[in-house]
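Read the structure below first, then the notes.
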Amino acid sequence: MKITILDGFTSNPGDLTWEALEEVGEVTVYDRTCAEDVVARAKDADIVLTNKVCLRAQEIDQLPRLKYIGVLATGYNVVDVETACTRGITVTNVPAYSSESVAQMVFAHLLTITNRTEHYTILNRNGKWSASDDFSYWDTELKELAGKTFGIVGLGNIGRRVATIAQAFGMRVVACTSKRAEDLPKGIGKRTVDELLKESDVVSLHCPLTSDTHHMINRQTLRMMKPTAILINTGRGPLVNDQDVADALNAGRLSAYCTDVLSEEPPRADHPLLACKNAFITPHIAWATKEARARLIDAAIGNVKAFVAGRPVNEI
């Protein structure tokens with residue numbers, strides 16, 4: 001059994017191990033694979049694991065030995081699932097491995113805005129506090145979360161965890177979700193997207209990327225939001241129109257945009273959000289705590305072992 005990992009570096013840059021996968025077969029790990037090299041690197045493989053390297057119909061059709069594709073992520077848009085199914089190829093993903101880490105990043109971003117700890121740390125390293133006439137100083141608005149309205153778009157595993165943490169801060173939580181109002185966790189009010197955007201002091205995006213949600217945050221929907229609102233995106237970059245968000249920030253129609261994802265990754269150097277004063281951007285790392293990556297690798301290997309044993313799990 002030959003197993004090829006096309007882009008293993010982001011999941012495991014060396015601090016974890018693929019050793020348990022070697023119990024199943026001969027493993028070849030590539031740190032990164034460009035599109036032109038996919039077929040050459042996977043042509044002898046029975047099993048291919050991929051995170052962001054695409055396996056489209058044109059690649060799958062050139063891989064006659066391929067029996068299994070394991071996506072090293074929750075989202076599986078990198079695989080042409082229809083073509084794989086037609087070929088009888090099993091496709092799996094790894095759901096819910098990063099819920100705690102992503103929820104943590106949501107509040108790391110939010111607290112960056114409300115408390116500005118890094119801002120003050122840098123000022124104090126440069127002597128600001130030492131030169132102060134008073135025991136305390138601040139040059140930014142400091143905000144308390146308790147009593148504010150936290151709007152969540154998408155109430156899956158991550159959205160529910162975010163809701164619990166928001167409630168622990170004393171925030172009022174509303175959600176746009178396909179779930180029935182009577183089925184929502186205690187204390188969460190159901191809203192339409194428009195109602196949520198108008199009402200919320202903080203809006204956090206946790207819905208899947210579909211044709212309906214693509215650019216759901218745009219020039220028109222941004223105008224529904226309070227100019228003091230904070231928008232957070234740890235879901236998918238294309239949920240928002242990056243240029244429209246940049247325009248809203250620059251015009252003072254949005255207080256801040258906190259994002260771990262962009263429509264183009266890595267972004268071009270002149271990406272409109274990179275120069276915005278109130279855009280706080282992390283490089284798609286909400287999922288990347290060591291604990292979450294360890295869960296990801298363990299689950300991905302478990303998926304492979306289950307497939308080899310004839311009892312596949314987490315099939316798409």
Side-chain angles (χ1 to χ4, degrees), residues 1-19 21-22 24-87 89-94 97-98 208-209 214 233-239 242 259-274 281-288 290 292-293 296-297 299-301 303-304 307 316:
M1 185 78 68
K2 292 190 175 182
I3 303 169
T4 297
I5 302 173
L6 293 174
D7 52 346
F9 184 82
T10 50
S11 301
N12 178 16
D15 55 348
L16 298 170
T17 178
W18 300 104
E19 186 175 333
L21 194 58
E22 295 170 359
V24 180
E26 177 186 338
V27 180
T28 302
V29 181
Y30 296 99
D31 284 349
R32 303 167 187 86
T33 298
C34 61
E36 308 87 75
D37 293 334
V38 169
V39 173
R41 290 183 172 184
K43 63 183 174 64
D44 295 325
D46 303 286
I47 291 173
V48 168
L49 303 186
T50 181
N51 189 324
K52 292 294 181 286
V53 176
C54 291
L55 285 164
R56 300 161 295 184
Q58 63 194 65
E59 286 90 18
I60 293 172
D61 286 341
Q62 297 180 72
L63 302 173
R65 290 189 54 170
L66 188 60
K67 302 177 184 66
Y68 174 96
I69 300 170
V71 181
L72 295 167
T74 301
Y76 49 87
N77 55 299
V78 296
V79 177
D80 187 325
V81 176
E82 184 177 350
T83 297
C85 288
T86 300
R87 280 269 313 276
I89 297 169
T90 297
V91 182
T92 68
N93 69 339
V94 183
Y97 73 92
S98 64
L209 178 62
H214 184 268
N233 185 9
T234 55
R236 292 288 183 267
L239 292 173
D242 292 342
T259 188
D260 188 56
V261 288
L262 292 172
S263 297
E264 178 187 1
E265 296 177 350
R268 64 185 191 275
D270 63 346
H271 189 285
L273 284 168
L274 294 179
I281 303 169
T282 47
H284 206 142
I285 56 172
W287 68 282
K290 186 173 183 178
R293 289 184 293 107
L296 170 66
I297 289 173
I301 294 172
N303 286 349
V304 171
F307 167 76
I316 296 165

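No hydrogens, no waters, no symmetry mates; every other heavy atom, side chains included, goes into these values.
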Fill in the blank from the handout: Of all heavy-atom pairs linking His271 and Leu262, the shortest is CE1-CD2, 3.9 Å

Exercise for the section: Classify the side-chain pair Asp260/Thr234 by whether it contains a donor and acceptor separated by less than 3.5 Å. Expected result: no

Completion exercise
Taken in chain and number order and not counting sequence neighbours, the residues that satisfy ring pair (Phe, Tyr, Trp, His ring centres under 6.0 Å) with Tyr68 are Phe307

Exercise for the section: Look up atom CD1 in Ile3 and atom CD in Glu22, then write down how far apart they are to the nearest 0.5 Å. Expected result: 9.0 Å

Completion exercise
For Val29 and Gly8 the tightest heavy-atom approach is CG1-CA, 4.3 Å

Exercise for the section: Flag yes if more than 12 heavy atoms outside Glu82 fall under 6.0 Å of its CD atom; otherwise flag no. Expected result: no

Handout entry: Test item: Leu209 and His214 side chains (from C-beta on) under 4.5 Å apart, heavy atoms
Key = yes

Practice task
Without swapping roles, check the side chain of Thr50 against the backbone of Val53 for a donor-acceptor pair under 3.5 Å.
Solution key: yes

Exercise for the section: Indicate yes or no: at least one non-hydrogen side-chain atom of Lys290 is less than 4.5 angstrom from one of Leu16. Expected result: yes

Fill in the blank from the handout: Smallest heavy-atom separation, Val91 atom then Ala84 atom, equals CG2-CB, 3.6 Å

Problem - Approximate separation, where rounding is to 0.5 Å, of Asn51 CG and Leu72 CG - result: 5.5 Å

Practice task
Could you pull out the closest heavy-atom pair between Leu296 and Tyr97, with the gap in Å?
Solution key: CB-CD1, 3.7 Å

Practice task
Taking Gln62 for its side chain and Gln58 for its backbone only, find out whether a donor-acceptor pair lies under 3.5 Å.
Solution key: yes

Practice task
Take atom CD of Glu19 as the centre, draw a 6.0 Å sphere, and report whether it contains more than 12 heavy atoms from other residues, nucleotides or ligands.
Solution key: no

Problem - Pairwise distance CD(Glu26) to CG(Leu21) - rounded to 0.5 angstrom - result: 11.5 Å

Exercise for the section: Determine the minimum heavy-atom distance between Cys54 and Val38, stating which atoms define it. Expected result: O-CG2, 4.2 Å

Problem - Non-neighbouring partners of Asp37 that pass side-chain contact (heavy atoms from CB on, under 4.5 Å), sequence neighbours left out - result: Thr33, Cys34, Arg41

Fill in the blank from the handout: dist Leu63:CG -> Ile69:CD1 (nearest 0.5 Å) comes out at 8.0 Å

Exercise for the section: Nearest 0.5 Å please: distance from the OG1 atom of Thr92 over to the CD1 atom of Ile316. Expected result: 6.5 Å

Exercise for the section: Look only at the side chain of Asp80 and the backbone of Arg56, and say whether a donor-acceptor pair between them is shorter than 3.5 Å. Expected result: no

Problem - Interatomic distance, Thr90 atom OG1 to Leu66 atom CG [nearest 0.5 angstrom] - result: 9.5 Å

Exercise for the section: Quick one: closest heavy-atom pair of Leu239 and Pro208, and the distance? Expected result: CD2-O, 3.9 Å

Exercise for the section: Return yes if some donor-acceptor pair links the side-chain N/O of Asn93 with the main-chain N/O of Gly75 below 3.5 Å, else return no. Expected result: no

Exercise for the section: State, yes or no, whether a side-chain contact exists between Thr10 and Lys52 at a heavy-atom distance under 4.5 Å. Expected result: no

Exercise for the section: For the pair Arg65 and Asp46, find out whether any cationic side-chain nitrogen is under 4.0 Å from an anionic carboxylate oxygen. Expected result: yes

Problem - Side-chain donor/acceptor of Arg293 to backbone N/O of Ala288, under 3.5 Å - result: yes

